[in-house]
Engineer: 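Structure incoming, see below.
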Amino acid sequence: MIKKSLLFLGNFSFSKIILAFLSLNLFIFLLYVNGIESNSLNISLKYFLFSNETIVPNSNNSKENLDNSTFPTVSKNSNLSKEYGIYNKTLCPMIPAKLHGRIPVKYFNGTFIELENSLSNLSIEKGGLWSPKECKPRYKVALIIPYRNRENILKIFLKNLHPFLQKQQIEYGIYLIEPLQNLTFNRGLLMNIGFIESLKKTNQKWECFMFHDVDLIPEDERIIYSCPEQPRHLSAFVTKFNTIVSGEALFGGVSALTKDQMKKVNGYSNLYFGWGGEDDDFRYRILQNNFKITRYPLEIGRYLMIRHTSDQKINSERFNLLKKTVERMKTDGLNSIEYKLNDMIIGKLFTKVIVSYDENYLLKKIY
Ligand code: BGC
C-alpha cells in the first residue's frame, strides 16, 4: 500500500505541483476580488497562500458576495437596451486581465497644465469622468474626496488614480468637495455632500462610492474599486512614515459602500468639526445596521500615505459625540444635512464642488 502511494506520488513531476499551487492561488485571489470569503477555505489555507500575513482580516465575514442586483442584465429586446445601445457590448471582465499586483507610486511635481498634458492619452472626459469603450462596465463608481489646500498631493493622486482606475475597466468620476477657507474642515459632512451632489446629474447613476482621502495612493492593482455585498475598508494597511498602520477598529482612509448601504446608515454624522472621530462614528453606524466590514489581506490592501503637515485642529469633542452615535444616527446624517453649494467647477481631471455650512447652526440643530 505504502509502496503504491509512493509510486503514485512519484508520477507527479515537480512542475505539475507548482502548476497546481499557482492555479489554487489564482482561484483564491478570484474569490477575494469578488468579495467572497468562503467558509470552505479555511483560515490557515488563506494564511499560507497570502504569505507573510499575520492577520486574516475579518475571517468571520463569510457571506460577502458581489451584489449582482446592482448590475441588472438587460434583455436584448428591452427599450432600455436599445436606448443605450448596450446589447452589442459584452460586460467587462470581473477581473481585468492586466492587473498584475504591486505597483510603484508615481510622483509628480509639475504644473496642473503639465499634468493634464501627461494624462491626455487617457481620454478622460470633462469633470474627471471616464468609461471603458471596449466593454460595458460592471461598476459605476464615484470617488468622493474631501479636499482643501493639498495641490501637490492632489496632482500625485490624479497622476496615479486615473490610470489605475482605467485599468480596472470601471466607469468612474472623481469629485473633490472643498469647504470655503474660513470654515472648520468636517470630513464626514463633506463626504455626505459629495454623495448627494454626485448623484444630482441624472445621467450619472453612481451605484458604488469610494470615500477617499486625497493623500492615500493604492500600491496594488488588485485592490478593486467596486462595492461587494458588504462595506469594504480598502486602506487596511497604510504605509505612513515607513511604518504600516492597520487595525480592525479603523474605517478611515478609503472605504467603499453602495448607494443603498450609504442611505441605510444615514451617511456620515455632520457634527465632527476638525480632526478625528467621524470615521469611528461611521463604522459604528455600519456595524449597528448589521453590515460586516471586509478587508483585503496584507498582501493586497496596501496604500502609501503622501507626507504632509497637518493643518487641522483636533476635535476634542469627538469622544462625547462617539458616546451617542447610536442614539443620534437616525437624525444626524444625510437626512438632516444643510449646506450651501457655492460653486461647481468642471475641471479636466475632476469635478470640484465648493460648499459652505454653518457650524454653530448644525451643532445646535442636531446635538
Ligand atoms: C480617530 C480616527 C482616526 C484614528 C486613526 C482615532 O482616534 O478618532 O478619526 O482615523 O484615530 O488615526
Engineer: Going by the angle between their ring planes, with limits at 30° and 60°, are W206 and Y175 parallel, tilted or perpendicular?
Structural biologist: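 Plane angle over 60°, so perpendicular.
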
Engineer: What heavy-atom pair brings I293 and H233 nearest, and what distance separates the two atoms?
Structural biologist: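 In this case the closest contact between I293 and H233 is CG2-CB, 4.0 Å.
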
Engineer: Pairs in or reaching into residues 299-333: which pass ring-ring contact (aromatic ring centres under 6.0 Å, His included), with residues at least two apart or in two chains?
Structural biologist: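 Passing the test, one end in residues 299-333: no pairs.
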
Engineer: Regarding R285 and Y268, do their side chains bring together a donor and an acceptor under 3.5 Å, going by distance alone?
Structural biologist: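 Note: R285 and Y268 side chains miss the donor-acceptor criterion.
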
Engineer: F350 vs F112 aromatic rings, parallel, tilted or perpendicular, using cut-offs 30° and 60°?
Structural biologist: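 Plane angle over 60°, so perpendicular.
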
Engineer: Mark yes or no for whether N109, through its side chain, and N152, through its backbone, hold a donor-acceptor pair below 3.5 Å.
Structural biologist: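 Not a single qualifying donor-acceptor pair exists.
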
Engineer: Compare every heavy atom of D220 with every heavy atom of I103, then report the nearest pair and how far apart it is.
Structural biologist: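 So the minimum-distance heavy-atom pair works out to CG1-N, 3.8 Å.
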
Engineer: If you count every heavy atom of other residues, nucleotides or ligands that lies below 6.0 Å from K365 atom NZ, does the total exceed 12?
Structural biologist: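 Yes, the 6.0 Å shell around NZ holds more than 12 heavy atoms from other groups.
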
Engineer: Between R138 and C92 (side chain of the first, backbone of the second, donor and acceptor by atom type, cut-off under 3.5 Å), is there such a pair?
Structural biologist: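 Yes, R138 side chain to C92 backbone: donor-acceptor pair under 3.5 Å.
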
Engineer: At their closest point, which heavy atom of P231 faces which heavy atom of I286, and how far apart are they?
Structural biologist: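 Heavy atoms of P231 and I286 come nearest at CG-CG2, 3.8 Å.
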
Engineer: Which pairs, with at least one residue in residues 154-177 and sequence neighbours excluded, count as a salt bridge (Lys or Arg N to Asp or Glu O under 4.0 Å)?
Structural biologist: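 Qualifying pairs: K140-E171, K167-E221.
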
Engineer: Give the intermediate values and the outcome of side chain to side chain donor-acceptor pair (under 3.5 Å) for residues Y296 and R232.
Structural biologist: CA-CA 8 Å; Y296 283 111; R232 176 174 267 162; 3.0 Å; yes

Engineer: I'd like to know if the side chain of S235 and the backbone of V254 have a donor-acceptor N/O pair within less than 3.5 Å.
Structural biologist: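 Checking the backbone N and O of V254 against the side chain of S235, a donor-acceptor pair under 3.5 Å is found.
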
Engineer: Does NZ or CZ of R318 lie under 6.0 Å from the centre of the six-membered ring of Y272, at an angle within 45° of the ring axis?
Structural biologist: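 Verdict for Y272: no cation-pi partner in R318.
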
Engineer: Taking only residues two or more places apart in sequence or in another chain, which ones pass ring-ring contact (aromatic ring centres under 6.0 Å, His included) with Y147?
Structural biologist: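 Not a single residue meets the ring-ring contact (aromatic ring centres under 6.0 Å, His included) criterion with Y147.
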
Engineer: What are the two closest heavy atoms between R283 and E248, and how far apart are they?
Structural biologist: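 Minimum heavy-atom contact is NE-O, 3.5 Å.
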
Engineer: Between R148 and D311 (salt bridge meaning N to carboxylate O under 4.0 Å), is one present in this structure?
Structural biologist: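 Looking at R148 and D311, the cut-off is not met.
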
Engineer: Under the criterion salt bridge (Lys or Arg N to Asp or Glu O under 4.0 Å), I'd like the reasoning laid out for R187 against D213: C-alpha separation, chi angles, the key distance, then a yes or no.
Structural biologist: CA-CA 9 Å; R187 185 175 175 272; D213 283 352; 2.8 Å; yes

Engineer: Which residues pass the ring-ring contact (aromatic ring centres under 6.0 Å, His included) test with F185, sequence neighbours left out?
Structural biologist: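 Applying ring-ring contact (aromatic ring centres under 6.0 Å, His included) to F185 gives none.
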
Engineer: Would you please classify the geometry between the H162 ring and the Y172 ring as parallel, tilted or perpendicular, with 30° and 60° separating the classes?
Structural biologist: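 Ring orientation, 0 to 90° scale: tilted.
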
Engineer: With sequence neighbours excluded, give me every side chain to side chain donor-acceptor pair (under 3.5 Å) pair touching residues 343-356.
Structural biologist: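 Of all non-adjacent pairs touching residues 343-356, those that pass side chain to side chain donor-acceptor pair (under 3.5 Å) are E178-K352, N342-S356.
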
Engineer: So, using ring-ring contact (aromatic ring centres under 6.0 Å, His included) as the criterion, who are the partners of F195 when residues are at least two apart?
Structural biologist: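 Residues passing ring-ring contact (aromatic ring centres under 6.0 Å, His included) with F195: F209.
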
